[in-house]
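Read through the structure below, which is laid out as structure tokens, and then see the notes.
The basis for the numbers below is simple: all heavy atoms, side chains too, and nothing from hydrogens, waters or symmetry mates. So that the names make sense, note that chain A is the first sequence line, chain B the second, and so on, each numbered from 1. Just so it is clear, the model here is predicted, and its values are computed rather than measured.
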There are 2 protein chains.
Amino acid sequence: MDQIAYVNGSFVPLSEAKVSILDRGFLFADGIYEVSAVLDGKLIDNASHLARLERSVGEISLALPETIQRIQEIQKELIARNKLVNGMVYLEVTRGADKGRDFAFPKGVKPTLVMFTSEKDIVNAASAKTGIGVITVPDIRWARRDIKSVALLAQVLAKQAAAEAGAGEAWMIEDGLVTEGGSSSAFILTQDDVIVTRPNSNSILPGCTRKAVKMLAEERQLKVEERPFSIAEALAAKEAFITSASVFVQAVVSIDGKKVGSGTPGPMANRLREIYVDFARSTSV
Amino acid sequence: MDQIAYVNGSFVPLSEAKVSILDRGFLFADGIYEVSAVLDGKLIDNASHLARLERSVGEISLALPETIQRIQEIQKELIARNKLVNGMVYLEVTRGADKGRDFAFPKGVKPTLVMFTSEKDIVNAASAKTGIGVITVPDIRWARRDIKSVALLAQVLAKQAAAEAGAGEAWMIEDGLVTEGGSSSAFILTQDDVIVTRPNSNSILPGCTRKAVKMLAEERQLKVEERPFSIAEALAAKEAFITSASVFVQAVVSIDGKKVGSGTPGPMANRLREIYVDFARSTSV
């Protein structure tokens, strides 16, 4: 059976889910997206994702076409219609389709809102047990990485390079320091048992899972330090891991082919993963 | 009558011209575009645009779904079907629509090719006589501006800022120097009658009109120097102007509200505009 997608007020088969070629998401990457995980048919940490959606659209002066409450209702209806148990809901808001193509914002054009779902057993993903390798690439992105826009070509190229190298993620490097992964936040655990991750700024996306993991770690009296780190430091660390809505917490066992720690998922990554999954289940909506 | 657009092999009314919400142009800005001017129903400097298209898609390892020759045939057929006399043909190639959303390149997916036209009397545009004002904004774009990708959100924001300020273009500034306009190349004419424009590099788009104007100026023994310039230098210059497929050569008469030269289009901008229009007409296809 064809999956159901949402496009501007209608639930339609994914194969018929289309937007105008004049849509500014297609012409200009003039749009914002979010991905929320789904466990047992329920949305994970969704308030955090929708708060970030509101922030991102605000940063580019794009008005949401629906209230946050209504957006969550649509997410839930889409989960129900697709009988989605485990996976993700993707949503994208763009500045809509005008009658032609002009860079400046169109007037009187309703923003586009689309959503679709995908299946993924995030909790039992094979890579959670094995860990992943990452490669490093220069961070060539724009200066407003805090905005979750669909202008993702740099990330596409980074993650394609990772895929070609047989790695699970690309860590982007700027001024000798890791900014973040192509679609995840980067962490290390130092030999002194300090969890280190780069502070939020225009240089990285404020990760929702990053934020939750930091909060959960601090609640458990684990030491968390927000500062940038280098690849040399990561290779000298006890552990490394990434966080994102679609992997939760995921151990990194090698960087550019060099082992991190024991070369297998470490106890801290495993522990934080368990803690996050508990949090996710207990706060899902 | 509804305009005709081209989408993946079919000529369809623009109102029905759509792409899947899974199209990577819409999800990731994973696409390349070109805009060719049309005068008297013929394409201007089109070989240069199609050569740049080939270069851009090559830089992101995207295979064109049609030959360059066939793409030009489609452009011409679209002009004919729309009875377009003066205006532009927009074309966009994306990495197509896969079954889901994955950053890495999909396998076995045919790229998307879309085109549409717009009417504009470029030769007799009012702004050609009055000149335009530009504002300056920080250049916040990614590091591969030589690739003509649809990841244009920074340019959208720059040109929206210009529109709000009543200006016709935004000049982007990096390290105290002008890179280029939001959708045009930037030039000045110094007090010594040297035409100055920034050399091609990863920092700017290699403008087709820029290239032609440079060649035409050099053919006429005008002195052209390729080097970056500052706003201070532009304000001290005799003239300033921009070039692009959709404006040809366009005088800049003020920068951030401060007059350039006499505050009206200067003789060099006017002369180069005439020379370019002659070149355009005589080489159109």
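Atom CG in B:Leu39 sits 4.0 Å away from atom CD1 in B:Ile44 (nearest 0.5 Å).
In this structure, the side chains of B:Ile21 and B:Leu27 stay at 4.5 Å or more apart for every pair of heavy atoms. No side-chain heavy atom of A:Ile4 sits under 4.5 Å from any side-chain heavy atom of A:Val12. Annotation: side chain of A:Val89 is not in contact with side chain of A:Val35 (no heavy-atom distance under 4.5 Å).
Proximity to chain B (any heavy atom under 4.5 Å) is shown, for A:Val156, by both the backbone and the side chain. For A:Ala163, the part lying under 4.5 angstrom from a heavy atom of chain B is the side chain only.
B:Ile231 pairs with exactly one of B:Val178, B:Leu177, B:Val134 by the side chain to side chain contact (heavy atoms under 4.5 Å, CB included) rule, that one being B:Val178.
Scored by the side chain to side chain contact (heavy atoms under 4.5 Å, CB included) test, B:Ala167 finds B:Ile135, B:Ala162 as partners (sequence neighbours excluded). Residues forming a ring-ring contact (aromatic ring centres under 6.0 Å, His included) with B:Phe103 (at least two apart in sequence, or on another chain): B:Phe28. Applying the ring-ring contact (aromatic ring centres under 6.0 Å, His included) test to A:Phe241 and every residue at least two apart in sequence or in another chain returns A:Phe187.
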Which donor-acceptor pairs fall under 3.5 Å between chain A and chain B:
residue, atom, partner, partner atom, Å
A:Ala17, O, B:Ile21, N, 2.9
A:Val19, N, B:Val19, O, 2.9
A:Val19, O, B:Val19, N, 2.9
A:Ile21, N, B:Ala17, O, 3.0
A:Phe28, O, B:Leu152, N, 3.2
A:Phe28, O, B:Leu153, N, 3.2
A:Ala29, N, B:Val150, O, 3.4
A:Phe105, N, B:Gln160, OE1, 2.8
A:Ile140, O, B:Ala143, N, 2.9
A:Ala143, N, B:Ile140, O, 2.9
A:Val150, O, B:Ala29, N, 3.4
A:Leu152, N, B:Phe28, O, 3.2
A:Leu153, N, B:Phe28, O, 3.2
A:Gln160, OE1, B:Phe105, N, 2.8

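Of all heavy-atom pairs between B:Ala245 and B:Ala37, the closest is O-CB, 3.3 Å.
Here B:Gly25 is the residue among B:Ala161, B:Gly25, B:Ala5 with the most heavy-atom pairs under 4.5 Å with chain A. The candidate with the highest count of non-hydrogen atom pairs below 4.5 Å against chain B, out of A:Ala151, A:Ala17, A:Ala158, A:Ala154, is A:Ala17. Listed options B:Ile147, B:Val7, B:Ile60 were ranked by heavy-atom pairs under 4.5 angstrom with chain A; first place goes to B:Ile60. With chain A as the partner, the residue from B:Val150, B:Leu14, B:Leu157 showing the most heavy-atom pairs under 4.5 Å is B:Val150.
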